[in-house]
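FYI, side chains are in, hydrogens and waters are out, and symmetry mates aren't considered; it's all heavy atoms of this structure. Chain letters run A, B, ... following the sequence lines, proteins first and then strands; every chain starts at 1.
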Amino acid sequence: MKKYILVPVLAALSFSGMVAQDFDTDPVIKLQKEDVKFTVGARMMEDVAYYHSDFTPVKSGASLTDARIRTSMSYKNWYFYADFDFAKGKFTQKDLFLQYSLKRDHGTHAFKAGYYNNPASMGNNTSRGSLHFISRAAPVNAMSPGRELGLSYIFYNTHFLANQGIFAENLYNDQLAGFQGITLGGRWLWRPINNDDNTFHIGATFRYANIATGETYNNTLMTEYEIGTSLETYVDPTKQFVTATMPWAKNVYDVTAELLYKNDKFFVRGEYMYKYVTKERDDQTLFEANLGSIDSWGTLEAWQKGNPLGSNTFHGGYVEAGYKIFGKAYQYNNASGLLGGLDGRSLEIVARYSYVGLNDIVDGERYVLGRDQYYPNGVLADYPATSLSIGGGNMHSATLGVNYAFNKFTQLLVSYTYNVLDRDKYVYDENFHTVQARLIFQF
Amino acid sequence: MLKNLFKLGITCSAAVVALSSCENQDFTSFNVDAKRIEVNTISPEMAKVRDYVPKYAVMAHRGSTFWAPEETESAWRWAREMGADYLESDLQCTKDGVILANHDDNLKRTTNIENVYGELVPEGRKDFYMRHGLTEQQAEEQVAKDKASFRPYYSMSYMYEELLALDAGTWFNESSLEQARQSFSDIKQYVSTLEDQIRYAEGKIMKRDGNGERVWKVEGTWDPANPRDCLTYTFEYEDDPQDTGNRPGVYIEFKESWLNPSDFEKRVYEELDRLGWNIITKPCDNVPHYLNGKVNVGNTNGKVVLQTFSLESLRRTSEYFKGQIPMCFLFWEGTAATDLKYDTPSGYASFINLGLEHKAHIIGPCIAGAPNDYPEMNAPWQAYLIRKSGMLNHPYSFDSYAQMGKYFGEYNWGNATEFDDLLKSDISGKPLPTSVYGDGAFTNRSEMTLKYFIEHGLRPAPAPQEVPDAVETLERLGYYK
């Protein structure tokens, strides 16, 4: 027994750069032998939600939305982390990476390899256990990159953070043929104020994804890119109300600007997000595949005119704030550039406004619901369909919440969210009300 | 710690119970949603035009697809003599501008064109041009151009003169063995024109020469820049000796827009004008639908009903006809360019609204059931939305008594439903014994549909109350076995 030391978790990680990616609390169970340390932790989230919609039903109820086991091992400057989810009866691989860190006077350098969140998002890199909200903001769900397989270089000190990496677009290289695609992502922060009492950072992120995987279609590679979000809830995670699908997507560019301020009892943070998607298609092959009947297009130019391909842009943003009524001061992590979660018995109130805009509709186009189709210049026509519009839906959301931590392990989150949807396809659905609660237990 | 956890457990349990007890949502139900959503309603001005069409009208679908070769003289004469209110057809345009009545987008199924012309430009094309004013060189150049743009079997690729060489009757005998009649081959059935259809509705018959060939002529000089307006066809007709006095109207469909010239609706407007059947220029006010025990729709303002599946044609029709002639917007569920893709109450209502916006007065939904097994687009909730809009509902197409019973009150859907508030009465609000899901019917069996309507009180006098025997009528018209 003396080989093992059970250490309650309250302190920061034992050495620089060792940050568990999807938990920001330190595991309770630490097994240490000489300079090797092994940790085990777990987390459970159970949600209940009641929804009220104008027209389309949303499924109220309860759901086990998170069930995790995490492990880590550290040895000198090396750190290995593995995290797995088995909620809803499905095993899901979460973070799985190795990190090497070097602490120097001017800051810490770290190299990280494996499967983890692309750095190009503050919202998505914030652990669900530290959100202060039951869900990430809708624009984060819709537009931020998730976990990817890659390699990163990270540098940070008190005033700066630079985190950038290169990633595979297809995680398992299981595309039918060809290159699996690549993404680049980075997040850069400046912290003009960063002391024990106050932290203020501003930053930007950039991500580029080259989509190279897809399905074979008429002897060409047809890629597809889909983005969407739930109503900032997990009990009914449907993305049907806010979702956009883009066949032939080839290059995706994401740019965000972010800020964060916190003191002991208050925080505010937010991001603005911009996404630009370009497309690419082997028109010549598709045109030739179409030849051979009396209904063939006459020329490649005619085919292209009837099957136009355009780029799309989307926007989103959120700002969220919290005020701690009692409990320990809000914590900020220099290594990740993220706000921590509740720590020990505490009570806070939080609020958020978010906007996600997946409507990219060409001016003057007309939507016909029965066709789920836009018509250029507002003119009904049979053929060909030449609209470039995407009506994925715009949604404004406002959330008020109260979070109570019974202790360092157990939290109860209760919130109300009001969503206002603007999507042509859901003409009768405008207002959504969600009352939801979450019980968290983690160690 | 334990005390806190106990409190937490109690709190969460209470929350779950409280939230669950508030739960009042249901699965998505089209029946429920159809009553919740809004649909636009027909204007009083448009309702006047709607009422040009008789209640529970019987539309003889392509004349009949069951008893005779569709959209030919034999099918339409039969339908007229049976007492159908409308002779239904599908309009297309030949290369030289003749407006045809033909259903398919090509002529393969309903004629012998594959044997007559194959996939080539008809051999006589050069001679045709030369007979219409072109030099031999000009004619050869024109034929070369025709070959470059030729789409075999599509009406748009042929001169009407060339189509006169086709047999539009024999195929029926080969595909409908039980209804086959030698006379459909012996008495040559031609690819019909809109003029033919209207003349048959007027009680005429095609004039034929001693060899049984139709009498016609074509005049004019070919103008490549104006191919559809440079020639004039003249067809001759005579009184049908078997005419018993019914005067049905015509229910004519603009086919998919890519099959016809972009001004096709305007051409039909002008052709109706030329034939004296355009009520905008030649109204027939205050004429009854039924007169002296005979159908008289063809002499009323309801003599022509327009129809289309095409959104593009719907738009153009509204521009040319301005809602002054009854117009039916046809529904088909699917993913093609003219289909209703999103067949939910809101999607369905959006199409009804499109129809109203483009000055349609009638919705024509397809119905389920053998033998065609079309998609179901006339379920009670769908019929309810149509009625809610104040438009007429003309479902298509009926082939069996089972279908009549299902949609017109006798079988399962005659039971009480949540839609009885609107559907247990006719379009004018007159109560009915049971809900019905249509205000008329496209039918391939006019005899059956007429009898059903009469027997169920939907077609009272002065509409004819006797329905002739279908086979005897064919025999009387000269269509022997």
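- Both the backbone and the side chain of A/F55 come within contact range of chain B, judged by heavy atoms closer than 4.5 Å.
- In this structure, the side chains of B/R315 and A/V379 come closer than 4.5 Å at one or more pairs of heavy atoms.
- From B/S318, atom OG reaches atom CG of A/L380 across 9.0 Å, with rounding to the nearest 0.5 Å.
- If you measure heavy-atom distances from B/D33 to chain A, the contacts under 4.5 Å come from both the backbone and the side chain.
- Under the side-chain hydrogen bond (donor to acceptor under 3.5 Å, both in side chains) criterion, B/Q382 pairs with B/D343, sequence neighbours left out.
- Between chain A and the options B/W258, B/F331, B/Y342, the largest number of non-hydrogen pairs under 4.5 Å is found for B/Y342.
- At a 4.5 Å heavy-atom cutoff, B/S149 makes no contact with chain A through either its backbone or its side chain.
- In terms of non-hydrogen atom pairs under 4.5 Å with chain A, the most contact-rich of B/L311, B/T335, B/T338 is B/L311.
- Side chains of A/D382 and B/F309 form no contact here, defined as non-hydrogen atoms less than 4.5 Å apart.
- For the options B/E312, B/R316, B/E38, heavy-atom pairs under 4.5 Å to chain A are most numerous at B/E312.
- Around the NZ atom of A/K425, the shell of radius 6.0 Å holds more than 12 heavy atoms that belong to other residues, nucleotides or ligands.
- Residues B/E357 and A/R366 are paired through a salt bridge, judged by an N-O separation under 4.0 Å between the basic side chain and the carboxylate.
- More than 12 non-hydrogen atoms from other residues, nucleotides or ligands lie less than 6.0 angstrom from CD of B/E418.
- Between A/Y428 and B/R36 there is no side-chain heavy-atom pair separated by less than 4.5 Å.
- A donor-acceptor contact shorter than 3.5 Å links the side chain of A/R371 to the backbone of B/D339.
- For A/D47, no part lies under 4.5 angstrom from a heavy atom of chain B.
- Within a 6.0 Å sphere centred on NZ of B/K35, heavy atoms belonging to other residues, nucleotides or ligands number more than 12.
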Could you tabulate the donor-acceptor pairs under 3.5 Å formed by side-chain atoms of residues 344-356 of chain B, not counting sequence neighbours?
| unit_1 | atom_1 | unit_2 | atom_2 | d |
| --- | --- | --- | --- | --- |
| B/T344 | OG1 | B/S346 | OG | 3.1 |
| B/T344 | OG1 | B/G347 | N | 3.1 |
| B/Y348 | OH | B/M377 | O | 2.8 |
| B/S350 | OG | A/G370 | N | 2.7 |
| B/S350 | OG | B/G347 | O | 2.6 |
| B/N353 | OD1 | B/N40 | N | 2.8 |
| B/N353 | OD1 | B/N40 | ND2 | 3.4 |
| B/N353 | ND2 | B/A349 | O | 3.4 |

